[in-house]
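One structure is given below, encoded as structure tokens.
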2 protein chains.
Amino acid sequence: MSIRIGILGYGNLGRGVECAVKQNPDMELVAVFTRRDPNSVKILTESAAVLKVEEAATWQDKIDVLILCGGSATDLPRQTPAFAKMFNVVDSFDTHAKIPEHFANVDAAATENGHVGIISVGWDPGMFSLNRMYASAILPDGSDYTFWGKGVSQGHSDAIRRIEGVKDARQYTIPVEAALEAVRSGSDPELTTRQKHTRECFVVLEEGADAALVEETIKTMPNYFADYDTTVHFISEEELKAEHSGIPHGGFVIRTGRTGWEGENKHLIEYRLKLDSNPEFTASVIVAYARAAYRLAKEGLSGCKTVFDIAPAYLSAKSNEELRRTML
Amino acid sequence: MSIRIGILGYGNLGRGVECAVKQNPDMELVAVFTRRDPNSVKILTESAAVLKVEEAATWQDKIDVLILCGGSATDLPRQTPAFAKMFNVVDSFDTHAKIPEHFANVDAAATENGHVGIISVGWDPGMFSLNRMYASAILPDGSDYTFWGKGVSQGHSDAIRRIEGVKDARQYTIPVEAALEAVRSGSDPELTTRQKHTRECFVVLEEGADAALVEETIKTMPNYFADYDTTVHFISEEELKAEHSGIPHGGFVIRTGRTGWEGENKHLIEYRLKLDSNPEFTASVIVAYARAAYRLAKEGLSGCKTVFDIAPAYLSAKSNEELRRTML
């Protein structure tokens with residue numbers, strides 16, 4: 001029997017989950033829950049129902065894992081604990097500083113109701129976290145570096161869009177190649193914010209807007225741009241649509257370290273992602289962890305888990321025997 | 001209290017384990033067991049005992065995890081099941097084709113005696129296997145590629161040394177950059193053995209040996225060199241010692257895959273290792289898994305495990321709370 005998946009929230013991430021479920025023959029999408037009018041939401045999976053969020057409670061026996069595809073700012077802090085009372089859940093909560101609090105809330109709700117909740121799944125947090133953790137456990141005497149990009153930052157793009165005179169914008173975060181090379185060399189560089197990443201902005205102006213003022217406003221914006229070397233390009237709306245409608249992202253997690261009685265040998269561990277679609281890749285990671293949530297719950301476990309708590313084999317559709325024979 | 005580590009076999013790997021234990025404050029090396037005369041074996045850790053292998057049985061209460069540092073050809077198939085009867089054990093068994101058989105033998109011995117045995121730990125098998133597995137679970141529609149090097153292959157170096165007229169030799173396996181780039185591009189290339197790696201040999205001849213004949217013998221050696229583009233350099237014994245005495249290695253595990261309703265988006269997951277010392281890095285991975293073996297045994301688990309079966313958090317000296325706060 002398939003693992004029956006539900007999706008709550010049908011934006012880019014929810015649609016990505018739907019696509020990822022299709023790629024996994026042991027899973028089946030049974031329902032999408034939305035805050036919009038269900039009749040207005042067109043999904044791709046013909047066999048799945050589209051329902052109002054309020055109806056989710058009546059689907060507890062028909063869904064094995066509910067995947068929460070809301071945002072980290074306001075949706076997930078409420079939704080994940082609430083739905084962990086009714087379902088095994090997976091979310092992609094990515095406000096790093098608030099993970100301990102979110103973990104505690106989900107753990108209480110999931111434990112009390114005998115469900116498994118896996119939080120902060122995706123690539124950062126997620127696969128990048130795993131790689132930071134494995135690498136630091138293996139090379140305790142070393143340094144960690146995370147670089148992001150080249151990729152679209154939604155938060156930074158939104159910040160530009162809020163500037164007066166801006167009609168639309170897209171912002172790319174780009175790792176500085178020289179910084180990457182310095183890290184890979186094992187020279188253990190101390191890198192400032194400015195040395196690690198540059199920011200490139202493609203901006204469509206409203207008619208009559210002051211380009212010089214917009215550029216200055218972007219480049220001096222505290223937190224978002226002031227600490228970076230930022231380039232601003234003004235382009236037409238057509239060009240933005242044609243050239244910048246994708247949501248690529250990626251990055252690098254690097255650990256350099258030393259071994260030997262006197263630390264005489266150097267080592268480099270590097271993990272890299274290059275993603276055409278940030279939400280679809282995030283969704284693909286989430287769906288593998290949905291398999292883990294299903295299996296852990298079957299084994300009678302409950303409570304909140306993160307990627308650190310889950311043995312890798314739980315993610316794979318292959319049996320343990322097959323994994324040992326073909327992948328070890 | 002520290003995790004008390006024993007080492008069985010004090011070659012390059014055993015010495016690497018000794019160095020790795022020193023880097024982990026929650027561990028302590030208590031004994032090294034050797035088949036040689038213990039008086040002839042000088043170790044680095046002053047507080048640890050050096051003993052004959054036969055004495056290991058009397059140390060069962062004084063060692064939490066015994067790390068088996070013998071070879072995969074003849075040592076580990078006998079040693080790991082035998083010592084799993086007495087200790088929690090970790091080995092680096094790397095004969096991929098025989099892993100299922102080795103697993104079954106260790107599992108029987110460990111289970112019957114309430115111990116944990118973790119096999120095939122290192123980087124391939126080990127971290128490379130983990131990365132193959134995670135990446136294929138996340139991107140089920142994709143292709144796997146593993147490249148090795150640049151690094152010293154002991155097996156190939158030994159094969160050259162067995163040729164008449166060869167005094168000493170060192171062989172490097174080198175990934176072909178163009179093949180790596182083709183894989184990274186997502187073009188899903190079918191690569192032959194020759195297209196993936198080249199082999200470079202540094203050979204010291206015996207006096208009066210026939211260089212042309214030695215070179216021809218190397219280049220046409222079945223399995224080892226015949227399927228590769230091989231370069232042979234004849235150098236002096238001094239140069240071999242000065243320039244080629246290290247044991248570097250490394251490589252790349254790459255998965256490319258597609259997501260989206262029609263597979264319209266491409267993704268690249270790349271894991272790279274660049275190691276000054278192959279045995280010291282292998283030892284560093286083993287020591288992290290020794291921590292896991294200790295913890296799993298404390299929890300009452302027993303039987304044979306691989307890297308696929310062990311949740312990442314077990315490897316880290318940090319608490320789960322600290323991992324979530326600092327690494328997720």
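Keep in mind that this is a model prediction, so the values were computed, not measured. Naming convention: chains lettered A, B, ... in sequence-line order (proteins, then strands); numbering from 1 in each chain.
Using non-hydrogen atoms only and a strict 4.5 Å limit, no part of residues 293-300 of chain A faces chain B. Of all residues spanning residues 274-286 of chain B, those with a heavy atom less than 4.5 Å away from chain A's heavy atoms are B/K274, B/L275, B/D276, B/S277, B/E280, B/F281, B/S284, B/V285, arranged by number. At a heavy-atom cut-off of under 4.5 Å, chain A is reached by B/D309, B/I310, B/A311, B/P312, B/A313, B/L315, B/S316, B/N320, B/L323, B/R324, B/R325, B/M327, B/L328 from residues 309-328 of chain B, listed in order of number. Applying a 4.5 Å heavy-atom cutoff, the residues of residues 127-141 of chain B that approach chain A are B/M127, B/S129, B/L130, B/N131, B/R132, B/M133, B/Y134, B/S136, B/A137, B/I138, B/L139, B/P140, B/D141.
Looking at A/Y289, only its side chain comes within 4.5 Å of chain B, counting heavy atoms on both sides. For B/D94, no part lies under 4.5 angstrom from a heavy atom of chain A. Contact of B/K266 with chain A is made through backbone and side chain together, with heavy-atom distances under 4.5 Å. For A/V307, the parts lying near chain B are the backbone and the side chain together; criterion is any non-hydrogen pair under 4.5 Å. Using a 4.5 Å cut-off between heavy atoms, B/T259 touches chain A through backbone and side chain atoms alike.
In terms of heavy-atom pairs under 4.5 Å with chain B, the best-connected choice from A/P100, A/S120, A/A288, A/G260 is A/G260.
Side chains of A/L273 and B/H267 form no contact here, defined as non-hydrogen atoms less than 4.5 Å apart.
The line from CH2 of A/W261 to CZ of B/R15 is 8.5 Å long, rounded to the nearest 0.5 Å.
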